[in-house]
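Here the structure is laid out as structure tokens; the discussion comes afterwards.
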Amino acid sequence: MPAPNPLRAVPDDEVAAPAKPQSVSEAAKSGSHRALLVSMRDRIADAVADNDCPPRDLASLTKRLQDIAKEIESIDARAKDDSSGRLRELEAALRATNPDHPLLTGMIDDRFDASAI
């Protein structure tokens, strides 16, 4: 008898389970600078929220938490800008190689028409 298929239909209202947070060492091994910053942010936030956090450490941890949050925000903003910049680069390359391409002249109608089904 074949093994059951783990795939299933997903209802429209179902949301994906959040990914398990990585430890700082796992994030460091992953090679992703952003993942490392996120795990460090989470670790420091836990330390700051802990009632047993020594008062002498609280100020420096809070400052570091703010710095890491700003750096993550900066990485995300650059990633957002890069995607639109990449689109402009591709459009310029297409225009240089084929200025009359239907994608550039608006001759392709990519709007969805439910009645066509």
Side-chain angles (χ1 to χ4, degrees):
M1 181 172 175
N5 189 344
L7 299 178
R8 65 181 175 84
V10 179
D12 290 336
D13 60 344
E14 184 175 328
V15 281
K20 179 184 174 277
Q22 291 182 316
S23 69
V24 175
S25 61
E26 290 170 341
K29 291 175 188 172
S30 77
S32 167
H33 183 61
R34 187 184 186 287
L36 178 60
L37 289 172
V38 167
S39 55
M40 287 171 47
R41 176 200 63 193
D42 295 346
R43 174 73 174 87
I44 294 171
D46 289 343
V48 167
D50 186 0
N51 288 335
D52 293 332
C53 180
R56 68 177 181 276
D57 297 340
L58 194 56
S60 62
L61 287 172
T62 304
K63 173 68 172 133
R64 186 65 184 133
L65 184 59
Q66 290 175 327
D67 293 344
I68 290 172
K70 285 180 184 177
E71 192 170 350
I72 292 170
E73 189 176 298
S74 173
I75 289 171
D76 291 345
R78 280 194 310 264
K80 183 179 176 188
D81 290 344
D82 287 349
S83 62
S84 61
R86 179 73 176 137
L87 182 60
R88 285 192 298 273
E89 289 174 13
L90 291 172
E91 184 179 345
L94 181 58
R95 193 174 307 282
T97 58
N98 186 357
D100 296 326
H101 193 280
L103 285 173
L104 297 172
T105 60
M107 296 185 67
I108 293 178
D109 183 10
D110 61 352
R111 291 174 290 164
F112 178 72
D113 181 11
S115 65
I117 297 178

Report task. Mark yes or no for whether T62, through its side chain, and L58, through its backbone, hold a donor-acceptor pair below 3.5 Å. Result -> yes
Query raised in the report: For atom CZ of R43, is the number of surrounding heavy atoms from other residues, nucleotides or ligands below 6.0 Å larger than 12?
Result: no
Query raised in the report: With sequence neighbours left out, what residues match R64 under salt bridge (charged side-chain N to carboxylate O under 4.0 Å, His left out)?
Result: none
Report task. Side-chain contact test, heavy atoms from C-beta onward, threshold under 4.5 Å: evaluate it for L94 versus E91 and give yes or no. Result -> no
Report task. Find the distance between OG (S60) and CD1 (I44) and round it off to the nearest 0.5 Å. Result -> 9.0 Å
Query - With E26 via salt bridge (charged side-chain N to carboxylate O under 4.0 Å, His left out) - residues at least two apart - result: none
Without placing hydrogens or testing angles, list every side-chain donor-acceptor pair under 3.5 Å for residues 27-39, not counting sequence neighbours.
from: S30; atom 1: OG; to: A27; atom 2: O; distance (Å): 2.7
from: S30; atom 1: OG; to: S32; atom 2: N; distance (Å): 3.2
from: S32; atom 1: OG; to: A35; atom 2: N; distance (Å): 3.1
from: H33; atom 1: NE2; to: E71; atom 2: OE2; distance (Å): 2.9
from: R34; atom 1: NE; to: D76; atom 2: OD1; distance (Å): 2.6
from: R34; atom 1: NH2; to: D76; atom 2: OD1; distance (Å): 3.4
from: R34; atom 1: NH2; to: D76; atom 2: OD2; distance (Å): 3.1
from: S39; atom 1: OG; to: A35; atom 2: O; distance (Å): 3.1
from: S39; atom 1: OG; to: L36; atom 2: O; distance (Å): 3.0

Query - Those residues that, when tested against D50, pass salt bridge (charged side-chain N to carboxylate O under 4.0 Å, His left out) (two or more places apart) - result: none
Query raised in the report: Looking at residues at least two apart in the chain, or sitting in another chain, which of them share a side chain to side chain contact (heavy atoms under 4.5 Å, CB included) with P11?
Result: R8, D13, E14
Report task. Tell me, please, which residues at least two apart from K63 pass salt bridge (charged side-chain N to carboxylate O under 4.0 Å, His left out). Result -> D67
Query raised in the report: Is there a side-chain contact between C53 and V48, using heavy atoms and a 4.5 Å cut-off?
Result: no
Query raised in the report: How long is the gap from CD on Q66 to NZ on K70, to the nearest 0.5 Å?
Result: 6.5 Å
